[in-house]
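This structure is a prediction, so every number in the text was calculated from the model and none was measured.
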Amino acid sequence: MIEQDQNPSRGGRKRDASRDSAILHAAIDTLGEVGFERMTMDMVAARAGAGKATVYRRWPSKEALVLDAVAQTKRDQVDLDQLPDTGSFRGDMLALFRPKSVAETERKLRAMAGVATLLSFEPGLSDAASDALVGPWVAANRILMERAVTRGEASASAPIDTLATIIPSLGAFRSLVQRQAFDRAFLEAMLDDVVLPALGIRTEAPSKPVSPDLPKE
């Protein structure tokens with residue numbers, strides 16, 4: 001029996017968040033397997049073990065479902081209420097990084113390719129796609145940067161709103177255009193070469209080994 005999304009005051013059931021999550025994950029898997037053009041709402045419903053009416057009631061279109069599914073994968077990766085606090089901005093950013101398995105990486109790349117196809121059909125959804133792809137990470141970066149300013153590590157005049165978007169935006173470009181994974185080496189390069197200098201955060205240069213004194217002639 002398909003649950004009804006009625007007002008609880010009228011005796012209906014509350015919307016089942018666990019069912020939503022199952023449908024969104026099914027949407028990502030379906031998108032990765034068949035692509036946006038061939039993907040259908042019925043495919044997603046079957047994969048999630050949900051009734052078609054359940055899916056259509058929650059998402060009025062395939063486009064809305066895909067954008068919400070991508071946004072969910074981002075929310076799963078970063079919890080704004082549980083951000084790391086290592087004592088340094090660089091340490092916090094590295095602590096946010098979670099290495100992914102080969103299967104997870106490939107799944108993400110297929111999903112991003114599906115979003116790129118979606119935008120080719122519906123360019124008007126670019127703002128919504130941007131929010132879904134990078135929004136949670138931009139918010140996390142902004143919080144960590146503001147924390148660095150508060151403790152005197154970063155410059156109070158640093159353009160935080162702009163800098164908070166750099167790594168997530170370049171990460172999306174790396175996935176969508178370059179078809180490469182967002183790995184630790186990429187994150188460290190963006191931090192050390194771009195973000196930290198722009199925040200006014202100085203890092204210690206790696207120490208060079210000291211050569212032994214040569215005997216005098």
Given the rule in the side chain to side chain contact (heavy atoms under 4.5 Å, CB included) test, do L24 and W59 qualify, once you have shown the distances and angles that lead to the verdict? CA-CA 10 Å; L24 293 172; W59 295 278; 3.5 Å; yes
Decide yes or no on side chain to side chain contact (heavy atoms under 4.5 Å, CB included) for D68 and Q72, but give the supporting numbers first. CA-CA 6 Å; D68 205 8; Q72 179 63 48; 5.5 Å; no
Exercise: identify the closest heavy-atom pair between [X] and [Y]:
X	Y	answer
D92	R151	OD2-NH2, 3.6 Å
M41	V55	CE-CG1, 3.8 Å
A164	N141	O-ND2, 3.2 Å

Taking the side chain as every heavy atom from C-beta outward, state whether [X] and [Y] have any atom pair closer than 4.5 Å.
X	Y	result
T86	L94	no
L96	P84	yes
V44	L31	no
L65	K62	no
R19	R58	yes

Are the side chain of K52 and the backbone N or O of A45 linked by a donor-acceptor pair below 3.5 Å? no
For residues 36-45, the side-chain hydrogen bond (donor to acceptor under 3.5 Å, both in side chains) pairs (sequence neighbours left out) are none
What residues form a side chain to side chain contact (heavy atoms under 4.5 Å, CB included) with [X], not counting sequence neighbours?
X	answer
I201	F89, E153, A154, L196, L199
P159	T162, L163
V134	S130, V138, P168, A172
F186	L170, R174, F182, D183, M190

Could you walk me through whether L191 and I167 satisfy the side chain to side chain contact (heavy atoms under 4.5 Å, CB included) test, starting with their C-alpha distance in whole Å, then the side-chain angles of each, then the deciding distance to 0.1 Å, before giving a yes or no? CA-CA 8 Å; L191 283 173; I167 292 179; 3.9 Å; yes
Run the side chain to side chain contact (heavy atoms under 4.5 Å, CB included) test on R90 and D192 for me, step by step, so that the C-alpha distance in whole Å, both residues' side-chain angles and the decisive distance to 0.1 Å come before the verdict. CA-CA 9 Å; R90 190 179 192 276; D192 296 339; 2.8 Å; yes
So, using side-chain hydrogen bond (donor to acceptor under 3.5 Å, both in side chains) as the criterion, who are the partners of S157 when residues are at least two apart? S155
